[in-house]
Structures are given as C-alpha cells and as structure tokens.
Amino acid sequence: MTKTIRYTLISLRDLFVSFGPFIALGVALLGLAYWWLNPNPPRTVTLATGPAQSAYDELGKKYVAYLKANRINVKVVQTEGSSANLKLLRDGLVDVGFVQGGTNELTETDQDSLSTLGSLFLEPIWLFYREDSAAKLLASPAANKAGKAVKSIPAATPTLNAITQLPGWRLNVGTEGSGVPKLMTRLLESNRVELKDIKLSTLDQTPAAIALLGSEIDALVFASAPESLMVQMLLQTPGIKLMNLQQSEAYSRRFNFLSPASLPRGVVDLALDNPAQDVQLVGPTASLITRNTTHPALLQLFTSASHQVHGTAGWFAKSKQFPNAQRDELPMAQEAERYLKNGPPLLQRYLSFWAANLIERMWVALSVIIVVLLPLSRILPPLYTFRVRSRIFKWYAQLRSIEDRDSPDPQVRTVLVDELNALDGMVEKIKVPLSHADELYALRSNIHLVRKKLLR
C-alpha cells in the first residue's frame, strides 16, 4: 500500500469517527420521521366494482392494470352494484368502490367517514322495451289515460317516452344491490305512479335480458355506462327499443344528482343509422368513493388513474370533461381536489410513483431534520481537528515531565534520555493526515530540543 493511499485512509477514518455520531443522529431522525409519517402506501388495495361484464367490472379491470404498473395489487370484489358497494364501504370491508349518485341516501356518518375522488362518468338510465309490448300496451285505454300528460303518440308507431306510460307493464328494475330499484322508486313517485300498477321484478341483468328476449317481461331498466356489453348488445337487438325520455331536462332540474344526456342519431351504427333519431336520456354520475382511512398515496394513484381512464371523449362526454366535482354528494378527498386544480404532482411527471411519493411526503420532515442538524454541523470541523491534534498533544505531557525531572546527576539524565528515546520511538509511529503533519514534526523537533538539553 503506497503512503498516499495509507494517509488517505487515515483521513477517511478520522472523518468517519468524527462525523459518525452526526450521521447516525440524522439517520435515526429520518427513520423516526419515516415511521411516524408512513409515506409509502400498502401494496394491496380492495376495489368494489359490480356484476360480471358490467361497466363497473370492465372499468375495474382498467384500474387494476394502471395500479399494477405502479406495483400496487388491486383485489377486485364483484358485487351486485352501487348499493352493495356503499354498504361494503360503510362496513370497512373495501377501500374504494364505484357508487352511483342518487341511489342511496347518505347519512351524517357517511359525510364524516367517506369521501369522493370525483364524478367519473355519466350512467344513463337505460330502459329497453319490446316493440310488440309497446304496440299492445300503449294502444290500450289505460295506457292512453296514464300518458295523457305527455305528447300523444301515433297509433301506428307506439313509442314509450314517459314514465307515466308504465302502468300495466312487466318491468324488471334489477337487484337491490344495484341501487336502481331505489332510483326508479323515486322517479315513479315523482310521476305519481303507484308501484302496485306495475309488475315489478328484480332479476339480475343477464337473466333479465334473457327474459326480455323471451317475452317473459316487457321492459328492463338499469343504469350503466355505454361501455357495458349489455348496453351494446340491446342497442343492436332487433325488436328491442330504447325509451326516449322527452322530459329528461325536467328530471335533471328536479333531482340535482341527475344529468340530461342525448344519444346522438347514428352513434351506435352509422351505416344502419342506429338510432334513427336522437334519444333523450337522463342519469346519475358514477363516483369513486373511498374511506377516509385509505392511505393518501393510494388516493393520489386512483385519482391519476381516473383521469387516464375517464378523461377521453365518449358518447356522453367531451375530452377531459370527467372526472369533475360538479355533482358530488360527499366531500372531495384532498388528493383528488388538488389533482383537479393543479394536475399531476410535479415530481410524478419525472420520477416513478414510489420515488415521487416518498419525496413529496418526506420533504417536510427532511426540512425539519436539516434545521435541527445544521447548527450541530458547525461543531464537526473543530471536533475533527481536535481529534487529530489530540493524538499529538497528549505526548507533550510526558515530554514536560521528562524536562521537569532534569538533574545534574548523570545517572538521572541517563534514565531521562532513555525515556525520551522511547517517547521518540512511539511518536514516530503516530499516523496523522498530511494536513496536520506540521504539528507532528513540531512535536519531534521539541523532543530533539529536550534531548540536546539533557545531553549538554
């Protein structure tokens, strides 16, 4: 090992010993802040979606893929729908879930324990019915009486365009967990339609569609995004028509959780001109609801995913129209509100999610630690200098002792010279950084002066 390397290692060792306690204190404070703030989210989160092949289920798959790319495992819980999701959230069995606006009455407890990540997309109320059922039921005197408040319908082409025309129909409103039965009850009551006048059934979507195609029921209703496979199939099924709700604007004014929507002519199939005219619809918006105990970093990630999944243009939305906070019934989570105002966090535009999240949530603690340690760091250079110089100065006490015991007696001087030679031998073995070599040579010079005095 060359002398240069040896002296360099000596300097590094002294630096480490001097700065070691300071570094250990900084690491301890950083570890304490990490434990206290818990910046990194759990690796697994639970998402409540909806029935298989529903819009909620299909959208849930997109969220799973997005979070998986950021090393978060999403456990999907398929449910009957919105009401079931809200119940799971209230019971703390899931972290996040899709909930349909207006299908449930929210309590004060919900306002305190739940929050929303924004309205994600419009879920129109799709009421599909059989053309032959409309021809039979709307031609009857009872139907004409029930629909007297609505614009008259030509007898040649009977069309369902008002809820007041539903008495006498066999209507499937879906399972209780979907939330649609409660929504339809509110709409029927607002039209003063008695539930006993309609033959209601509560089949799930797939059995209900089979029953509709088999003439076992006259109509079925559900709320879903147009991406739903069920919606796509029924829109293109011959003999099945979609209710044109001519009072859609009035419903949106009466119920603040409902929004009017228009299905443009030909949007389903331009070649076949399906639908043949604009269809007026109304529906609530679906929101992503979370518990307030969910880790903020996960909410930030779900918010980012929602902007990617729902920010594109669709049948009922323009580009970047969703997510928004226009019809939220719950307080908005801070992470979602911040994202809506400022877009994605600055660091996440350039760093990975985990690195950006760690820095964002630890920078305050890092600032405090720096403020605490900065004054302490001023004592480190003097401490380093003292440590190196003390290795040299401690021998001056022995040198002074030898000089003080000087005597004219030759035997005493011989003994003192031997002690001095031994001291000189030990000093030669002292290793100090080159920056302090002058002090080492000063000690050896002083030893030489004492030796000359004793031998004089």
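It should be emphasised that the depicted structure is a prediction, and the values quoted were computed from it without experimental measurement.
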*Under 3.5 Å, is there a donor-acceptor pair between the side chain of Thr290 and the main chain of Asp95?*
yes

*For a ring pair (Phe, Tyr, Trp, His ring centres under 6.0 Å) with His310, tell me which candidate from Phe316, Tyr63, Phe302, Phe322 qualifies.*
Tyr63

*According to the interplanar angle, ranging from 0 to 90°, do the rings of Phe255 and Tyr251 count as parallel (below 30°), tilted (30 to 60°) or perpendicular (above 60°)?*
parallel

*Are any non-hydrogen side-chain atoms of Phe222 and Val231 less than 4.5 angstrom apart?*
yes

*Evaluate the criterion side chain to side chain donor-acceptor pair (under 3.5 Å) for residue pair Ser201 and Asn172; output intermediate values, then yes/no.*
CA-CA 4 Å; Ser201 59; Asn172 185 83; 2.9 Å; yes

*Min side-chain heavy-atom separation Leu242-Pro275 under 4.5 Å*: no

*Do Pro42 and Leu298 have side chains that get closer than 4.5 Å, going by heavy atoms?*
yes

*Among Asp57, Leu288, Ile289, find the one that has a side-chain contact (heavy atoms from CB on, under 4.5 Å) with Phe98.*
Leu288

*asked:* Assess whether a salt bridge exists between Arg170 and Asp218, defined as any Lys/Arg side-chain N lying under 4.0 Å from an Asp/Glu carboxylate O.
replied: yes

_Closer than 4.0 angstrom, basic N to acidic O: yes or no for Glu58 and Lys62?_
no

*Do Asn244 side-chain atoms and Val279 backbone N/O form a donor-acceptor pair below 3.5 Å?*
no

*Is there a donor in the side chain of Ser82 and an acceptor in the side chain of Asn85, or the other way round, less than 3.5 Å apart?*
no

*Yes or no on salt bridge (Lys or Arg N to Asp or Glu O under 4.0 Å) for Lys341 and Glu337, after CA distance, side-chain angles and deciding distance?*
CA-CA 6 Å; Lys341 291 181 178 179; Glu337 188 173 6; 3.7 Å; yes

*asked:* Taking the side chain as everything from C-beta on, heavy atoms only, tell me whether Asn324 gets closer than 4.5 Å to Ser119.
replied: yes

*State whether the side chain of Ser304 and the backbone N or O of Gln300 hold a donor-acceptor pair below 3.5 Å, judged by distance alone.*
no

_Over 12 non-hydrogen atoms of neighbours within 6.0 angstrom of CZ in Arg253_ = no

_Donor-acceptor under 3.5 Å (Ser228 side chain, Met230 main chain)_ = yes

*Kindly say whether Pro226 contributes a backbone atom to a donor-acceptor pair with the side chain of Gln232 at under 3.5 angstrom?*
yes

_Worked check of side chain to side chain contact (heavy atoms under 4.5 Å, CB included) between Met243 and Ile163_ = CA-CA 9 Å; Met243 175 182 179; Ile163 291 179; 4.1 Å; yes

*Going by heavy atoms in the side chains, are Leu114 and Arg291 under 4.5 Å from each other?*
yes

*How are the rings of Phe121 and Tyr56 set to each other: parallel, tilted or perpendicular (split at 30° and 60°)?*
perpendicular

_Non-hydrogen side-chain atoms of Leu183 and Gln100 separated by less than 4.5 Å_ = yes

_Could you tell me if the side chain of Arg130 sits less than 4.5 Å from the side chain of Ile240, heavy atoms only?_
yes

*Considering only heavy atoms from C-beta outward, does the side chain of Lys61 approach that of Val76 to under 4.5 Å?*
no

